[in-house]
Protein chains: 2
Amino acid sequence: MTDIVLPQKQSGTSSSREKGLFLRRQELRRAIELLFFAYRDFTYEADELLSDLDLGRAHHRVIYFVGRQPGITVSDLLAILHITKQSLSRVLSHLIDENYIIQETGPRDRRQRLLHLTDKGASLEKKLTDLQCNRFARAYSDRGIDAVDGFQQILTSLLDDDTRSHLRAVHPDRID
Amino acid sequence: MTDIVLPQKQSGTSSSREKGLFLRRQELRRAIELLFFAYRDFTYEADELLSDLDLGRAHHRVIYFVGRQPGITVSDLLAILHITKQSLSRVLSHLIDENYIIQETGPRDRRQRLLHLTDKGASLEKKLTDLQCNRFARAYSDRGIDAVDGFQQILTSLLDDDTRSHLRAVHPDRID
DNA sequence: ATTATCGGTCAACATGACTGACATAGTTTT
DNA sequence: AAAACTATGTCAGTCATGTTGACCGATAAT
């Protein structure tokens, strides 16, 4: 599909002509816009479902990551979400009050509160994740595995180093 | 690099074995997380610069799209941002008060207010866009043009149909 | 002349972020 | 055992950014 020579990591080796193929200002602005619109459209369906239940995107994130890693501690959740404990507390307390999440005391360190989804929480998590998985499944199968690979590579390169380390740790089957 | 048969649009034709290669739940959750973290890290640097100037991400969006399309109308901006005119008004008024943006009356339709960046606005827009372009330029040159192509294909497939139409219109050089 | 559109404004409200100070329980260090 | 540190929670106040609903003036379209 594309048969031009690829610039390699040493940017000095690629001619300005090669660079122009995908490093021009216009092409980079296209990337910015694509990411903005894709993120907006991607979250829209889930946001709608959440607002029916008087929940917001912040609740979604908590439910998602607790479902992703049952027994996660509050500290670990804070590190993932990059928000303050006061912000998390409001959302988390509400989810506990409404019986989406339960806490249990850490068996080794009794200060910790290990978080788990209830059946109600797991059911909602599944609905929300299904919506987003379906969108990706459509995109992935429309475009094929080479596109998927490129997509994951570029997004991985956009990450901060510490985020990349975190993701490598929680997706051990993947290289990158 | 990848030599398996790709599942095509008709999902019935791909075996569960093929699907397992990139449509498994775990792989799709990886996509969700990658998008979440990439968006978060991608916006971080610009957010920092903005907060030094007592501006927020909403101001950034307005400045970006006015810089992208000088003379854009308020209506068009509303359609792009998917927010209410009251929300836009607060942000836009502030940007006009602080001399980042000027309005001029539409020459054909005098009801319209055509928006332009001032020198001050253009200077800020350049700084912000440079930050984000640099991040993409690094990712793009690290991973090469095939990855870029895949990245753009998948993001394009994630969009709602009307967003895709809009992007096609404003990036006429691109196929997709 | 009527109606519709573009843009702006006032008021009230919700969400989800922030800072700073402080509290309580439990763990670790000295 | 005492002191220091850590995990978590809470109170109080603030800010940014979104929402709804009502209404207005200027202008354009019918």
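Every chain is numbered from 1, with letters handed out A, B, ... down the list of sequences. As the structure is a computational prediction, the values presented were derived from the model and not from experiment.
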*Asks:* B:Gln112 has an atom CD; how far is it from atom P of D:dA28, in whole Å?
*Replies:* 9 Å

*Asks:* Could you state the CG-P distance from A:Leu114 to D:dG9, rounded to the nearest angstrom?
*Replies:*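 Taking CG of A:Leu114 and P of D:dG9, I get 11 Å after rounding.
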
*Asks:* OP1 or OP2 of D:dT17 sitting under 4.0 Å from any side-chain N/O of B:Ser87?
*Replies:* no

*Asks:* Separation of A:Arg40 atom CZ from D:dT17 atom P, in whole Å?
*Replies:*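 That distance rounds to 18 Å.
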
*Asks:* Mind listing the residues from residues 93-104 of chain B sitting with a heavy atom below 4.0 Å of DNA chain C? Number order is fine.
*Replies:*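 Heavy-atom contacts with DNA chain C come from B:Ser93, B:Gln103.
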
*Asks:* Inspect the contact between A:Arg164 and A:Asp161 and indicate whether a charged nitrogen and a carboxylate oxygen are less than 4.0 angstrom apart.
*Replies:*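 A salt bridge is present here (some side-chain N lies under 4.0 Å from a carboxylate O).
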
*Asks:* Mapping A:Gly56 and A:Pro107 to their closest nucleotides on DNA chain C, which lands nearer the 5' end?
*Replies:*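 On the 5' side of the pair lies A:Gly56.
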
*Asks:* Earliest and latest nucleotide of DNA chain C, 5' to 3', sitting under 4.0 Å from a non-hydrogen atom of chain A?
*Replies:* C:dG16 to C:dT27

*Asks:* Could you tell me the separation between the CZ atom of A:Arg111 and the P atom of D:dT8, rounded to a whole number of Å?
*Replies:*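 After rounding, the gap between these two atoms is 8 Å.
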
*Asks:* Any salt bridge linking B:Asp173 with A:Arg30? Criterion: basic side-chain nitrogen under 4.0 Å from a carboxylate oxygen.
*Replies:* no

*Asks:* By the 4.0 Å heavy-atom rule, please label B:Thr84 as base, sugar-phosphate, or nothing.
*Replies:* base

*Asks:* Are any of the side-chain nitrogens in B:Glu104 or B:Arg113 under 4.0 Å away from the carboxylate oxygens of its partner?
*Replies:* no

*Asks:* Give a yes-or-no answer on whether the side chains of B:Arg111 and B:Thr105 include a donor-acceptor pair shorter than 3.5 Å.
*Replies:*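 No.
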
*Asks:* Under a 4.0 Å threshold between the charged nitrogen and the carboxylate oxygen, would B:Asp160 count as salt-bridged to A:Arg135?
*Replies:* yes

*Asks:* For the pair B:Glu125 and A:Arg29, find out whether any cationic side-chain nitrogen is under 4.0 Å from an anionic carboxylate oxygen.
*Replies:*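 Result for this pair is yes, salt bridge flagged.
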
*Asks:* To the nearest Å, give me how far apart CD (A:Gln86) and P (D:dC15) are.
*Replies:*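 In whole Å, D:dC15 P lies 17 Å from A:Gln86 CD.
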
*Asks:* Please determine if A:Asp149 and B:Arg143 form a salt bridge, counting it only when a charged side-chain N lies under 4.0 Å from a carboxylate O.
*Replies:*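 No, A:Asp149 and B:Arg143 are not salt-bridged.
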
*Asks:* Whether B:His59 contacts D:dT17 is assessed here as follows: a side-chain N or O lying under 4.0 Å from the phosphate OP1 or OP2. Is that the case?
*Replies:* yes

*Asks:* Closest-nucleotide mapping onto DNA chain C: is A:Lys85 or A:His82 further toward the 5' terminus? I mean the 5' end.
*Replies:* A:His82

*Asks:* Is the closest side-chain heavy-atom distance between B:Ser89 and B:Val74 below 4.5 Å?
*Replies:* no

*Asks:* Mind calculating the distance between CG (A:Leu78) and P (D:dA7) to the nearest angstrom?
*Replies:* 11 Å

*Asks:* What contact category does A:Arg90 fall into here, base, sugar-phosphate, or nothing, at under 4.0 angstrom with non-hydrogen atoms?
*Replies:*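 If one applies the 4.0 Å heavy-atom cut-off, A:Arg90 turns out to touch a base.
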
*Asks:* With the side chain counted from C-beta on, respond yes when A:Leu167 and A:Val170 share a heavy-atom pair under 4.5 Å apart, and no when they do not.
*Replies:* yes

*Asks:* Mind calculating the distance between CD (B:Glu48) and P (D:dA16) to the nearest angstrom?
*Replies:*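 Atom CD in B:Glu48 sits about 17 Å away from atom P in D:dA16.
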
*Asks:* In whole angstrom, what separates A:Ile72's CD1 from D:dT8's P?
*Replies:*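 Atom-to-atom, A:Ile72 to D:dT8, this comes out as 10 Å.
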
